**Student:** 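Here it is, the structure, as structure tokens.
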Amino acid sequence: MQVRKFEAKTMKEALELVKTHMGPEAIILSAKDNHKGFGLVGGTSVEVTAAVTDEVLKRKLLAEKKLKEEARMRFQR
């Protein structure tokens, strides 16, 4: 099982990162507001911890490899 943390300015951006890197079948384990600051500006952020099984991640990566570059960029959006 793969577990990763993602940090973004908003929850929507964090969930988009999860979907892009781990796929739509990822499970959100936790989400919290980060008040200590994000980047150089020091604004607030959201931290999301997500998990996905190794099998699902391998299928996602295999499917992405078979796509052409242009189709892969559209798929990731």
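Computed from a predicted model, the values in this text were never measured in an experiment. Values below: all heavy atoms of this structure, side chains included; hydrogens, waters and symmetry mates excluded.
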**Student:** Ala8 and Ala14: which non-hydrogen atoms are nearest, and at how many Å?
**Tutor:**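 So the minimum-distance heavy-atom pair works out to CB-N, 3.6 Å.
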**Student:** Under the salt bridge (charged side-chain N to carboxylate O under 4.0 Å, His left out) test, which residues partner Arg59, sequence neighbours left out?
**Tutor:**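 With sequence neighbours excluded, Arg59 shows a salt bridge (charged side-chain N to carboxylate O under 4.0 Å, His left out) to Glu25, given in chain and number order.
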**Student:** Checking Val46 now: which residues fulfil side-chain contact (heavy atoms from CB on, under 4.5 Å) with it, not counting sequence neighbours?
**Tutor:**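 Partners of Val46 under the side-chain contact (heavy atoms from CB on, under 4.5 Å) test: Met11, Asp33, Val48.
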**Student:** To the nearest 0.5 Å, how far apart are CD in Glu47 and CD in Glu7?
**Tutor:**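 It is 6.0 Å, given to the nearest 0.5 Å.
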**Student:** Hydrophobic cluster membership, with links at side-chain heavy-atom distances under 4.5 Å among I/L/V/M/F/W/Y: are Val52 and Ile28 in one?
**Tutor:**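 Same hydrophobic cluster.
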**Student:** Please tell me whether Leu57 and Leu62 are part of a single hydrophobic cluster in this structure, the criterion being side-chain heavy atoms less than 4.5 Å apart.
**Tutor:**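 They do not share one cluster, since no chain of ILVMFWY contacts under 4.5 Å joins Leu57 to Leu62.
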**Student:** Once you round to the nearest 0.5 Å, how far does NZ of Lys5 lie from CG of Leu29?
**Tutor:**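 Answer for the NZ-CG pair, Lys5 versus Leu29, is 10.5 Å.
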**Student:** Within the side chain of Lys60, is there an N or O that forms a donor-acceptor pair under 3.5 Å with the backbone of Thr20?
**Tutor:**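 Yes.
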**Student:** Please determine whether side chain to side chain contact (heavy atoms under 4.5 Å, CB included) holds for the pair Phe6 and Glu13, giving the CA-CA distance in whole Å, both sets of side-chain angles, and the decisive distance to 0.1 Å.
**Tutor:** CA-CA 9 Å; Phe6 298 91; Glu13 291 176 4; over 6 Å; no
**Student:** If you apply the rule side chain to side chain contact (heavy atoms under 4.5 Å, CB included), what do you find for Thr49 with Arg4, and how did you get there?
**Tutor:** CA-CA 6 Å; Thr49 305; Arg4 288 187 62 188; over 6 Å; no
